[in-house]
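Remember, predicted model here, so these are calculated numbers, not experimental data. Indexing begins at 1, ligand by ligand and atom by atom, following the structure's order.
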Amino acid sequence: MTSTSFYRDTWVEVDLDCIAANVCSMIKHLSPEQKVIAVVKANGYGHGDVQVARVALESGAQYLAVAFLDEALSLRKHGIGAPILVLGASRPEDANVAAEHQISLTVYNAEWLIEASKYIKDDKKLTFHLKIDSGMGRLGVRSEQEISEIFEVIENGSHFHLEGVFTHFATADELDLSYFIKQFERFNELLSTLPVRPELVHTGNSATGLRFPEKTFNAVRLGIAMYGLTPSMEMKEIIPYPLKEAFSLHSKLVHVKKLAKGDKVSYGATYTAEVEEWVGTVPIGYADGWIRKHQGAEVLVSGVRCEIIGRVCMDQLMVRLPKKLPIGTQVTLIGTQENETISIDEVAARLETINYEVPCTINFRVPRIFLKKQSIIEVRNTILL
Ligand SMILES: *Cc1c(COP(=O)(O)O)cnc(C)c1O
């Protein structure tokens with residue numbers, strides 16, 4: 001029994017060729033001196049961080065980014081040696097761990113540096129990127145004063161290497177550009193006050209990279225578009241190259257039965273068969289991230305859209321079938337069967353959320369199968385890891 005086996009009839013497929021194609025398309029879209037920073041936080045937006053990171057690097061990405069230090073350490077533990085930037089906040093006490101593993105942190109506060117310098121061993125240097133808050137209102141310095149305080153600390157010590165400076169846009173995926181332009185101008189203003197310009201200057205997420213590659217300086221932090229998803233529905237019409245959706249979610253019928261008119265299904269007995277009908281049980285539920293709000297939605301069985309009937313349970317749900325179907329018939333909750341596709345955007349619309357949230361919330365209980373050239377190259381079952 002290894003982490004490459006699994007014993008349940010529910011799984012995610014991640015087509016790594018799609019990730020590779022999406023990275024290559026962005027590289028072609030940028031100018032040759034611009035780098036791609038592959039964003040693999042949150043287990044690669046639910047796809048699998050290590051596997052996405054590897055294929056992104058093979059495809060020409062030069063840098064990785066995650067949200068917090070543990071995610072970066074996990075990539076190191078899996079043998080990934082490429083530079084990694086932690087985008088979120090880290091604790092000053094942990095600066096030495098980051099330095100030892102050559103992980104770059106995001107810094108936006110002089111006191112943080114002073115505190116961190118107490119922990120960094122003399123033979124180590126912490127690499128960091130300075131974060132500028134140009135209007136996102138999340139993390140970052142907001143004034144020239146704060147920037148000069150930070151430079152004072154790094155110029156007077158030997159523990160730090162400033163490798164990059166960056167900002168994050170709040171509205172790069174919206175067609176109305178007024179706030180985006182304000183943020184871009186504010187970033188330029190603060191950037192011009194830096195006594196030295198570090199090697200990497202980056203402003204762009206996927207939306208910015210897709211729309212304004214010339215406004216991203218010398219690197220793009222490529223997240224959602226690497227997974228083949230549009231940064232917003234508004235932007236769908238103006239994506240400059242085809243995005244290839246890598247993620248699909250599947251299960252199987254584990255039980256099939258005929259209901260008589262008047263028979264009920266699932267908790268609360270909220271569903272009543274109007275006529276005699278065939279019903280299948282599918283082993284996926286809200287504890288996998290397939291939340292109760294999916295009651296009444298459609299899944300694909302034998303290439304046909306079938307309704308989820310009754311309440312979604314913790315580990316199972318029921319679907320109405322067009323006819324008697326054999327046990328083991330594949331059920332696709334996200335993805336394609338024959339001529340029908342349920343896209344992540346369709347699921348996001350159904351849940352009244354954004355596509356980002358959909359693969360992220362299909363959690364560790366669901367094993368990931370990684371495909372290249374339609375063949376399985378790796379299976380990751382986190383439960384047995
Ligand atoms: C998550 C994240 C990104 C990636 O954004 P996408 O819209 O997924 O491309 C870029 N920068 C920062 C700071 C992030 O937190």
Open item on the list: We want to know whether S31 and E33 form a side-chain donor-acceptor pair, criterion being a heavy-atom distance below 3.5 angstrom.
Closed with: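 Yes, a side-chain donor-acceptor pair sits under 3.5 Å.
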Shortest protein heavy-atom distance from [atom], along with the residue and atom involved:
atom                    : answer
atom 4 (C) of ligand 1  : Y45 OH, 3.3 Å
atom 7 (O) of ligand 1  : Y356 OH, 2.6 Å
atom 13 (C) of ligand 1 : H168 ND1, 3.6 Å
atom 9 (O) of ligand 1  : S206 OG, 2.5 Å
atom 11 (N) of ligand 1 : R221 NE, 2.7 Å

Open item on the list: Among L194, V196, L200, which residue satisfies the side chain to side chain contact (heavy atoms under 4.5 Å, CB included) criterion with P198?
Closed with: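 So the option named by the test is L194.
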TODO: Give yes or no for whether the N/O distance cutoff of 3.5 Å, strictly under, is met between A207 and ligand 1.
DONE: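 N/O-N/O distance below 3.5 Å does not exist for this pair.
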TODO: Answer whether the closest heavy-atom distance between the side chains of L105 and L126 falls below 4.5 Å.
DONE: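 A side-chain contact exists here, since the closest heavy-atom pair is under 4.5 Å.
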Open item on the list: At under 4.0 Å between heavy atoms, is it the side chain or the backbone of K41 that contacts ligand 1, or both, or neither?
Closed with: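 Side chain only.
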- [ ] Could you tell me whether ligand 1 has any atom less than 4.0 Å away from a heavy atom of Y227?
- [x]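 So Y227 does not count as touching ligand 1.
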Task: Sub-4.0 Å heavy-atom approach of R138 to ligand 1 - done: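 Flag set, R138 near ligand 1.
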Open item on the list: I need the atoms of ligand 1 closer than 4.0 Å to a non-hydrogen atom of G223, numbered in the order shown.
Closed with: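 Matching atoms, with element in brackets: 6 (P), 8 (O), 9 (O).
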Open item on the list: Distance under 4.0 Å to a non-hydrogen atom of L87: what atoms of ligand 1 satisfy this?
Closed with: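 Per the distance check, 12 (C), 14 (C), 15 (O).
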Task: Side chain E144, main chain L190, donor-acceptor under 3.5 Å - done: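 No; zero donor-acceptor contacts below 3.5 Å.
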TODO: Would you verify whether the NZ or CZ of K215 falls within 45 degrees of the ring axis of F184 while also being under 6.0 Å from that six-membered ring's centre?
DONE: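 Yes, K215 lies over the aromatic ring of F184.
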Open item on the list: Heavy atoms only: which of I354, I224, L222 lies closest to atom 6 (P) of ligand 1?
Closed with: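 Of the listed residues, I224 has the closest heavy atom.
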- [ ] State yes or no: do V50 and I377 share one hydrophobic cluster built from I, L, V, M, F, W and Y residues joined by side-chain heavy-atom distances below 4.5 Å, directly or via other members?
- [x]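 In one cluster: yes.
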Task: Verdict with reasoning, R320 to E274, per salt bridge (charged side-chain N to carboxylate O under 4.0 Å, His left out) - done: CA-CA 12 Å; R320 189 176 53 240; E274 302 268 308; over 6 Å; no
Open item on the list: Quick check: F217 with H202 (ring centres under 6.0 Å apart)?
Closed with: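 No, they do not, as the ring centres are separated by 6.0 Å or more.
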